[in-house]
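Labels below follow one simple rule: chain letters A, B, ... track the order of the sequence lines, proteins then strands, and each chain is numbered from 1.
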Amino acid sequence: MRYSGSFIHTLKEVPADAEVISHRLMLRAGMIRKVAAGVYDILPLGLRALRKVENIVREEMNRAGALEVLMPLVIPAELWKESGRWDVYGKELLRFKDRHEREFCLGPTHEEVITDMVRREVRSYRQLPLNLYQIQIKFRDEIRPRFGLMRGREFIMKDAYSFHAAEDDADREYQNMYDTYTRIFERCGLDFKAVEAETGAIGGRFSHEFMVLADTGEDVIVNCSECGYSANLERAECKELNVADMPSEEVMLPLKKVGTPDVKSVEEVSSFLKVSPDKLIKTLVYETDGGEVVALVRGDFELNEAKLKRHLGCEWLVLAEEDTVRRVTGAPVGFAGPIGLKIRIVADYSIQGVINGVTGANEGDHHYINVNPERDFKVSAFADLRMAVDGDSCPRCGGSMGLSRGIEVGHVFKLGRKYSEAMKACFLDDSGKEQSMIMGCYGIGVGRTVAAAIEQNHDENGIIWPVPIAPYQVYILPVNCKKADIMETAERIYAELVDRGIETIIDDRDERAGVKFNDADLLGVPWRITVGSKIKEGKVELKRRDSAEAELVETDRVPGLLQDRIREELKVS
RNA sequence: CGGGGCGUGGCGCAGUCUGGUAGCGCACCUGAAUGGGGUUCAGGUGGCCGGAGGUUCGAAUCCUCUCGCCCCGACCA
């Protein structure tokens with residue numbers, strides 16, 4: 001491509017609202033432009049990178065035995081009502097009516113559509129297993145879209161769904177997809193980690209997320225350096241306190257009520273009463289579809305709502321409103337405690353180790369001190385309910401765990417029969433008996449993968465594309481377009497590279513060299529050929545974007561040399 | 001949805017407090033010089049200041065309403 005005929009408009013300054021590196025660089029390099037909150041134009045340069053990732057995904061999915069399909073973006077409400085998610089999914093699901101007042105939604109994910117497709121086609125176990133995927137635009141009306149392609153409302157996603165006659169076959173495919181994802185992200189040149197994850201509203205039994213390691217990531221990963229256990233913070237298990245292992249000299253003191261005027265938060269209480277936060281018992285009232293529940297967690301920890309939800313086995317749960325707290329505890333928010341409460345109480349394991357703790361007295365401006373679990377109040381269960389923290393012991397090996405940040409680029413789920421049962425996706429097994437299919441589902445955020453690649457591969461001058469996903473592979477930079485000999489050489493190399501099928505930009509703009517160097521660095525094309533004064537010796541400069549040094553190469557050798565090197569870097573292991 | 005902030009040429013901003021009819025940098029166009037890391041000089045195009053209403057002789061500026069956007073939080077395959 002000739003730069004002079006391109007649609008690349010680089011920026012020196014970026015819109016003030018672009019916060020993260022990948023968003024800034026994609027704007028500056030002219031890859032994307034914002035149309036509305038979380039909705040973007042993908043410009044030619046950006047689309048090329050996106051397509052590269054798509055193609056890698058497509059190649060690997062096909063190789064893994066999956067079949068590509070294309071499902072509609074606009075989905076009739078009936079399908080979502082059938083699965084039960086029409087009422088559960090919330091405002092992220094963009095709903096609307098057509099001219100006949102029929103209800104539709106824009107597909108945020110396609111379990112319903114694919115299940116409907118498969119149930120209409122499949123009758124027999126002989127037609128299974130199946131793995132169908134698509135690469136398509138999704139729409140989710142995110143509460144707060146941000147970070148460019150990282151969290152848009154409209155985005156390109158590869159979603160795959162597998163259908164099986166037996167559990168072990170579903171497990172086999174889960175592993176197959178896990179391995180495929182590993183290959184995909186390796187080919188994209190990413191430093192990533194597969195971690196155990198929550199299943200969220202998609203449902204299902206267990207899952208892994210593929211996280212690209214980056215400080216700007218929105219997710220927190222917990223990782224054990226010793227045994228390799230790693231999980232999303234939402235999911236990360238915490239080891240049960242072994243009370244017997246932590247003998248305490250402390251003697252239980254008599255329960256006492258003390259005045260704590262207007263002292264509510266953990267920090268306030270702990271500084272007012274001069275006790276450390278790990279002596280406090282935080283009392284949180286939740287409303288759930290199964291009624292109100294109180295959850296206890298030690299003052300220095302945070303409650304993990306995903307764990308609470310799982311423990312209670314409820315559909316939804318939300319921190320109670322002020323009125324509810326007042327009704328349940330008889331006190332304003334900030335003075336709740338477990339003593340004397342008439343509703344179900346569940347407590348984090350950490351509570352078991354509290355001796356002479358502090359809780360609210362269920363009375364305004366009062367707390368209890370010397371509170372001892374079991375002696376002063378009963379709980380219906382102790383469970384793992386808290387967020388893991390840096391330095392926690394690993395639930396598997398007891399080693400020390402650390403926290404780091406990641407960007408979720410892929411997610412594999414084992415769904416089980418959640419959708420097939422709700423939507424009656426059945427088949428006849430080899431004994432002629434009707435059974436529900438077992439399902440798995442597997443997603444990759446294509447745009448997010450591109451953004452993540454930039455987060456991981458850039459410097460102060462711009463993007464540094466890994467070769468497999470670079471929008472162009474070679475950038476020819478004639479230092480002065482007014483010099484006929486320079487342009488002749490540049491054009492000759494360009495023609496030769498194009499002939500060899502190498503994706504090349506020739507910067508034929510009548511700009512000063514500095515402008516071109518800066519744009520070349522910003523665009524991040526992996527190989528740069530600088531055509532300048534060295535042509536007098538029959539040579540040009542060859543430089544990799546990620547290296548500081550350039551090498552002088554004889555002009556005639558350049559195309560062949562580059563072809564070999566690029567082929568080497570694209571080689572699939 | 002709660003808290004905070006912002007809407008002025010394509011982008012980054014000043015002007016708003018203290019009303020007088022819009023300015024700077026980048027980008028873009030023309031010309032000249034320059035030609036290996038965002039060069040220089042000269043000239044130029046483009047904005048009824050998010051929208052509506054009000055106050056006023058006069059509103060980007062003051063008042064009311066409204067729309068949009070951003071940040072933090074809650075939320076999130």
> Is A:Arg386 paired with A:Glu302 through a side-chain N to carboxylate O contact shorter than 4.0 Å?
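A salt bridge is absent here (no side-chain N lies under 4.0 Å from a carboxylate O).
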
> What nucleotide among B:rG35, B:rC70, B:rC71 has an atom nearest to a side-chain atom of A:Asn480?
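Selected nucleotide: B:rG35.
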
> Starting at CG of A:Leu284 and ending at P of B:rA74, how long is that distance when rounded to a whole Å?
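Distance, rounded to whole Å: 14 Å.
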
> For B:rU18, give the paired nucleotide (Watson-Crick: N1-N3 plus N6-O4 or O6-N4; G-U: N1-O2 and O6-N3; both under 3.5 Å), or none.
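Base-paired to nothing in any strand shown.
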
> Students often get this wrong, so: under 4.0 angstrom with heavy atoms, is A:Glu408 touching a base, only sugar-phosphate, or nothing?
nothing

> Roughly how far apart, to the nearest Å, are B:rA74 and B:rC17 at atom C1'?
36 Å

> Whole angstrom is fine here: how far is it from CZ in A:Arg85 over to P in B:rC76?
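Value for this atom pair: 14 Å.
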
> For A:Trp80, does the six-membered ring have the charged nitrogen or CZ of A:Arg95 within the cation-pi criterion, i.e. under 6.0 angstrom from the centroid and within 45° of the normal?
no

> Does the protein touch nucleotides 26-34 of chain B at the base, only the backbone, or not at all? Give it as B, S and - per nucleotide, heavy atoms under 4.0 Å.
SS------B

> Let's test this: given Watson-Crick or G-U wobble pairing with both distances under 3.5 Å, identify the partner of B:rG31.
B:rC41

> Could one point to a donor on the side chain of A:Arg509 or the base of B:rG38 with an acceptor on the other under 3.5 Å away?
no

> Using 4.0 Å as the upper bound for N to carboxylate O, is an ion pair formed by A:Arg58 and A:Glu68?
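Yes.
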
> In this structure, is the centre-to-centre distance between the rings of A:His208 and A:Tyr178 below 6.0 Å?
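Yes, they do, as the ring centres are separated by less than 6.0 Å.
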
> Need one value for A:Asp159: base, sugar-phosphate or nothing, where a base atom within 4.0 Å counts as base even if backbone is also close, heavy atoms only.
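If one applies the 4.0 Å heavy-atom cut-off, A:Asp159 turns out to touch nothing in the nucleic acid.
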
> When rounded to the nearest Å, what value does the distance between C1' atoms of B:rA14 and B:rG2 take?
33 Å

> From CG of A:Asp507 over to P of B:rG35, roughly how many Å is that when rounded to an integer?
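Nearest whole value for this atom pair: 19 Å.
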
> Mind calculating the distance between CG (A:Asp17) and P (B:rG50) to the nearest angstrom?
17 Å

> Please report the shortest heavy-atom distance between A:Leu552 and A:Glu541, naming the atom on each side.
CD2-CG, 3.8 Å

> Heavy atoms from C-beta onward define the side chain here; which of B:rG38, B:rC71, B:rG36 lies closest to that of A:Glu541?
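For A:Glu541, the side-chain atoms sit closest to B:rG36.
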
> Using purine N1 to pyrimidine N3 plus N6-O4 or O6-N4 for Watson-Crick, or N1-O2 and O6-N3 for G-U wobble, each under 3.5 Å, what pairs with B:rG46?
none

> Using side-chain heavy atoms (C-beta onward) and a distance below 4.5 Å, is A:Tyr442 in contact with A:Ser162?
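Touching, per the 4.5 Å side-chain cut-off.
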
> Spell out protein contact along nucleotides 40-45 of chain B as letters: B when the base is contacted, S when just the sugar-phosphate is, - when no protein heavy atom is under 4.0 Å; keep the 5' to 3' order.
------

> Would you say a side-chain N or O of A:Arg144 is under 4.0 Å from OP1 or OP2 of B:rC75?
no

> Counting only Watson-Crick pairs (N1-N3 plus N6-O4 or O6-N4) and G-U wobbles (N1-O2, O6-N3), all under 3.5 Å, who is the partner of B:rU56?
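Looking at the geometry, B:rU56 pairs with no nucleotide.
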
> Which whole-number value in Å describes the distance from A:Phe139 CZ to B:rC76 C1'?
14 Å

> Tell me: CG of A:Asn304 to P of B:rC75, nearest whole Å?
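Computing the A:Asn304:CG to B:rC75:P distance gives 10 Å.
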
> C1' atom, B:rU61 versus B:rC75: distance in rounded Å?
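It comes out at 39 Å once rounded to the nearest Å.
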
> Rounding to the closest angstrom, what is the interatomic distance between B:rC28 and B:rU55 at atom P?
46 Å

> Between A:Asp262 and A:Lys264, does at least one N-O distance fall below 4.0 Å, as a salt bridge requires?
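Result for this pair is yes, salt bridge flagged.
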
> Using a 6.0 Å cut-off, check whether atom CD of A:Glu268 has over 12 heavy atoms from anything other than its own residue.
yes

> Hunt down the Watson-Crick or G-U wobble partner of B:rG7, both distances under 3.5 Å, from any strand shown, or write none.
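Across any shown strand, B:rG7 pairs with B:rC67.
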
> Round to the nearest Å and state the distance from A:Asp141 atom CG to B:rC75 atom C1'.
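It is 13 Å, rounded to the nearest whole Å.
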
> Verify the neighbour count for atom CG of A:Asp215: are there more than 12 heavy atoms of other residues, nucleotides or ligands below 6.0 Å?
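Atom CG in A:Asp215 is not packed in, count stays at 12 or less.
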
> Using atom P in both nucleotides, what's the gap between B:rG10 and B:rG50 to the nearest angstrom?
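Their P atoms lie roughly 13 Å apart.
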
> If you draw a 6.0 Å radius around NZ in A:Lys81, do more than 12 non-hydrogen atoms from other residues or ligands fall strictly inside?
yes

> Return the 5'-most residue of the pair A:Glu142, A:Thr530 with respect to RNA chain B, ranking by each residue's nearest nucleotide.
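With A:Glu142 and A:Thr530 compared, the 5'-side residue is A:Thr530.
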
> Please tell me which of the listed nucleotides, B:rG37, B:rG38, B:rC76, lies nearest to the side chain of A:Asp521?
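So the side chain of A:Asp521 is nearest to B:rG37.
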
> Counting only side-chain heavy atoms from C-beta out, which of B:rC75, B:rG36, B:rG38 sits nearest to A:Val515?
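The nucleotide sitting nearest to the side chain is B:rG38.
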
> Between A:Glu111 and A:Cys441, which heavy-atom pair has the shortest distance, and what is it?
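Closest approach of A:Glu111 to A:Cys441, heavy atoms only: OE2-SG, 3.6 Å.
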
> Let me know, please, whether A:Val479 or A:Phe155 comes out on the 5' side of the other along RNA chain B by nearest nucleotide.
A:Val479

> Taking any heavy-atom pair under 4.0 Å as a contact, classify A:Val318: base, sugar-phosphate, or nothing.
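If one applies the 4.0 Å heavy-atom cut-off, A:Val318 turns out to touch nothing in the nucleic acid.
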
> Closest approach to the side chain of A:Pro15, judged atom by atom: which nucleotide of B:rC72, B:rG38, B:rC11 is it?
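It is B:rC11.
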
> I'd like to know if A:Arg151 reaches the base of B:rC76 with its side chain such that a donor and an acceptor end up less than 3.5 angstrom apart.
yes

> What integer number of Å spans the C1' atoms of B:rU45 and B:rA60?
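Their C1' atoms lie roughly 23 Å apart.
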
> Taking any strand in view, what nucleotide pairs with B:rG73 in a Watson-Crick or G-U wobble way, both distances under 3.5 Å?
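Paired with B:rC1.
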
> Can you run down the side chain to side chain donor-acceptor pair (under 3.5 Å) pairs that involve residues 543-552 of chain A, sequence neighbours left out, and say none if there aren't any?
A:Asp459-A:Arg545, A:Arg544-A:Asp546, A:Arg544-A:Glu569, A:Glu551-A:Arg565

> OP1 or OP2 of B:rC11 versus the side-chain N and O atoms of A:Arg28: is any pair under 4.0 Å?
no

> When the P atoms of B:rG7 and B:rC62 are compared, how many Å lie between them, rounded to an integer?
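It comes out at 11 Å once rounded to the nearest Å.
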
> Taking the minimum atom-to-atom distance to the side chain of A:Ala16, which one of B:rC69, B:rC71, B:rG12 wins?
B:rG12

> If you measure from CG on A:Asp141 to NZ on A:Lys91, what distance do you get to the nearest 0.5 Å?
9.5 Å

> Would the base of B:rG37 count as contacting A:Asn461 through its side chain, where contact means a donor and an acceptor less than 3.5 Å apart?
no

> By the 4.0 Å heavy-atom rule, please label A:Glu234 as base, sugar-phosphate, or nothing.
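No contact.
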
> Return the value, rounded to whole Å, for the distance between atom CZ of A:Phe517 and atom P of B:rG36.
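Taking CZ of A:Phe517 and P of B:rG36, I get 9 Å after rounding.
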
> Spell out yes or no: do the side chain of A:Arg528 and the base of B:rG37 have one donor N/O and one acceptor N/O closer than 3.5 Å?
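Pair found.
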
> Distance check, P atoms only: B:rU64 and B:rC24, in whole angstrom units.
33 Å

